[in-house]
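Here is how names work: the chains are called A, B, and so on, in the same order as the sequence lines, proteins then strands, and each is numbered from 1. FYI, side chains are in, hydrogens and waters are out, and symmetry mates aren't considered; it's all heavy atoms of this structure.
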Amino acid sequence: MIKMIKNINASLLVVLFWFVCAILGTFISLNENDIFLNKILEGPSWENWCGYDHLGRSICERIILGARTSLCVAFVVVLISFIVGTILGVVGAWCGGIYDKLLVILIDIFMAFPGILLAIALAGLLGPGILNTVIALSIVSWVGFSRLARVQTLSIKNRDHIIAAHALGTLEYRITLKHVLPLIMAPLIIEGTISFASVIIAEASLSFLGLGIQPPAASWGSMIKDGSQYMLVAPHMVLGPGFAILSLVLCINFFGDNLRSKLDIMESK
Amino acid sequence: MNFDYLIKRFFSAVFVLFSILTFVFFLIHIVPGDPIEVMLGESARVADRYALRESLGLNLSITQQWLNYLNNFLHFDLGKSLYSNQLVIELLFKHIPDTFLLSLASLFVAILIAVPLGIFSAVYKGSILDKASILLATLGISIPNFVMGPLLILIFSLWLGWFPVSGNDEISSIILPALTLGSALAAILSRMIRSSMLETLQQDYIRSARARGITEFNIIVFHALRNAALPVVTVLGMQFGALLAGAVITETVFSWPGIGQLMIESIQKRDYPVVQGCVLLISFTYVLVNLITDFICILIDPRIHDKND
């Protein structure tokens, strides 16, 4: 882990930049909903780098608050999916039998739906809003963690140190907590970073379709949706949030790839 | 050929289809509150509510409703649209050709980009071209359809004026949506072809082919690519679902009159039977494509069933 932290690279810096923006957006009072009627659709300038939208609101401030929305939703969804998926996967592989069979069937069913489609259907039926977005995305995202945790647990279930722990009479829950979980954590964390990027895209997709975060709250997806109607006169309305989401997702993916290759090297050693 | 594996695979697909059907049936029951009230609005007359509840069969017990749903499905009856009173199955059939066309075009675009890119980066491993293709692939995966679509419209439709902004009135109007939808698939495919080609190029028969004096071009195209194709076909099948789901967003961006746009419009109109129909159609297609992919893989490489046994 220390080795990983040493290798701070550009992509991690970009991700950190957006995290800082999101945190700052919470503490500094931004006026993302203030309307300047004389600045409607005004392009980028030295005063305001991203320009103003169709209602005369500062796009720069809305992008910062959009970062907060995106990162908050992604963080909560990944956390829920991580915990639920890991518990189900580990317990399934550990207990085996009928419970494991049921889990495999459940995973198969969820994998049969293209993820974002299920999220769109759920968000559409549950109704828009931040809570329903989190629910819809969590229902879709736990499967990846669960499958990975199950396979990983199965692969180390019969290792010597686990058998030794059994022989010493260690309680089952202690073995899973102390001897299984730490060993399967690394691939799960990588799955977490990849999943983080896809949840950010999924949340923005839902908001773009009008099924996620509702106005006037700022979300990158809904900003692009609004902007696409004014593309000819005000392309900056799409370019600003578009660049924001692209930079964040691209850098998370690079970071995840980096993490994965480092882990592969560490494992092969 | 191992028929046991084929039969096992077929029945597991049937089971998954049945589960999807059940899941989609329950979708309407997760609508918060009374679905009838959500559909008709609070000010609807009691008689209208009663009529709708009866026509949707929501007054029956849940088991009875479920059995009816399965029975109707077997008779290709997915109910009627609440909005236009058209049969859902008719609506779906009206929109299928457009989505099918768009998916095929995106698949074509993806293969057109990915095959040369993947081969070049495998053959010239470690070169600038290889690194550029890795960057391009990560970019392709990271750029969402709803960012890529407007960007392409801005550059090629509004600034250059080469293609129409939206709709499907001209033949050229499919190019931008296909490019948008195919870019992510192209990225994944090119990475897959690269790693598969790298593995294949190290095989003994490639060395033998070189020793026999066959030209490098012939070795790559006729000896390596063919054998490297297998994992690519599997990924193609698995990614087809992502393509169909991505079509929902791409169709909305380009006002392409396919299943995706029908689904989003129906969600906005709270036309639940149509939403259920769309989800059912897309996920069924996904499962069937995966099943067909598995069968094709066995045909291409009969060794596969040994691994699955």
For B:Phe295, does the CZ atom sit with more than 12 other heavy atoms under 6.0 Å from it, leaving out its own atoms?
-> yes
Using the side chain to side chain donor-acceptor pair (under 3.5 Å) rule, collect all pairs that involve residues 135-157 of chain B, keeping only residues at least two apart or in two chains.
-> A:Asn253-B:Ser142, B:Asn145-B:Thr250
Counting heavy atoms not belonging to A:Arg147, are there more than 12 under 6.0 Å from its CZ?
-> no
In terms of heavy-atom proximity below 4.5 Å to chain A, should B:Gln268 be classed as side chain, backbone, both, or neither?
-> side chain
Might you work through the side-chain contact (heavy atoms from CB on, under 4.5 Å) test for A:Ile120 and B:Val279, ending with a clear yes or no?
-> CA-CA 9 Å; A:Ile120 291 171; B:Val279 176; over 6 Å; no
Taking the side chain as every heavy atom from C-beta outward, state whether A:Leu239 and B:Leu154 have any pair of such atoms under 4.5 Å apart.
-> yes
Does a sphere of radius 6.0 Å around CD in B:Glu199 hold more than 12 heavy atoms from other residues, nucleotides or ligands, not counting ones at 6.0 Å or beyond?
-> no
Residues of residues 196-212 of chain A contacting chain B, heavy-atom criterion under 4.5 Å, by residue number = A:Ile201, A:Ala204, A:Ser205, A:Phe208, A:Leu209, A:Leu211
What part of B:Phe284 lies closer than 4.5 angstrom to a heavy atom of chain A: side chain, backbone, both or neither?
-> neither
Measure the spacing between CG of B:Leu158 and CG of A:Leu232 and express it to the nearest 0.5 Å.
-> 5.0 Å
Answer yes or no: are there more than 12 heavy-atom neighbours, outside B:Phe26 itself, under 6.0 Å from its atom CZ?
-> yes
Output the option from A:Ile224, A:Ile252, A:Leu248, A:Val238 having the highest count of non-hydrogen pairs under 4.5 Å with chain B.
-> A:Ile224
Side chains of B:Phe146 and A:Ile245 in contact at under 4.5 Å (non-hydrogen atoms) = yes
According to the salt bridge (charged side-chain N to carboxylate O under 4.0 Å, His left out) rule, which pairs have a member within residues 256-271 of chain B, sequence neighbours left out?
-> none
Would you mind checking which part of A:Leu118 comes under 4.5 Å of any heavy atom in chain B, side chain (CB onward), backbone (N, CA, C, O), both or neither?
-> side chain
Distance col, row B:Phe23:CZ vs A:Phe110:CZ, nearest 0.5 angstrom, shows 5.0 Å
For chain B, which residues from residues 132-141 of chain A have at least one heavy atom closer than 4.5 Å to it?
-> none
Please lay out, stage by stage, how A:Asp108 and B:Phe15 fare under the test side-chain contact (heavy atoms from CB on, under 4.5 Å).
-> CA-CA 10 Å; A:Asp108 275 351; B:Phe15 176 74; over 6 Å; no
Do B:Leu27 and A:Leu122 have side-chain heavy atoms sitting under 4.5 Å apart?
-> yes
Any idea which of B:Val248, B:Ile20, B:Thr252 has the most non-hydrogen atom pairs under 4.5 angstrom with chain A?
-> B:Ile20
Between CH2 on residue B:Trp159 and CE on residue A:Met231, distance to nearest 0.5 Å | 10.0 Å
Taking everything shown except A:Phe243 itself, do over 12 heavy atoms lie less than 6.0 Å from its CZ?
-> no
Non-hydrogen side-chain atoms of A:Leu117 and B:Met263 separated by less than 4.5 Å = yes
Most contact-rich option vs chain A, by heavy-atom pairs under 4.5 angstrom, among B:Leu139, B:Leu17, B:Val287, is B:Leu139
Given the options B:Ile282, B:Val275, B:Val16, which has more heavy-atom pairs under 4.5 Å with chain A than any of the others?
-> B:Ile282
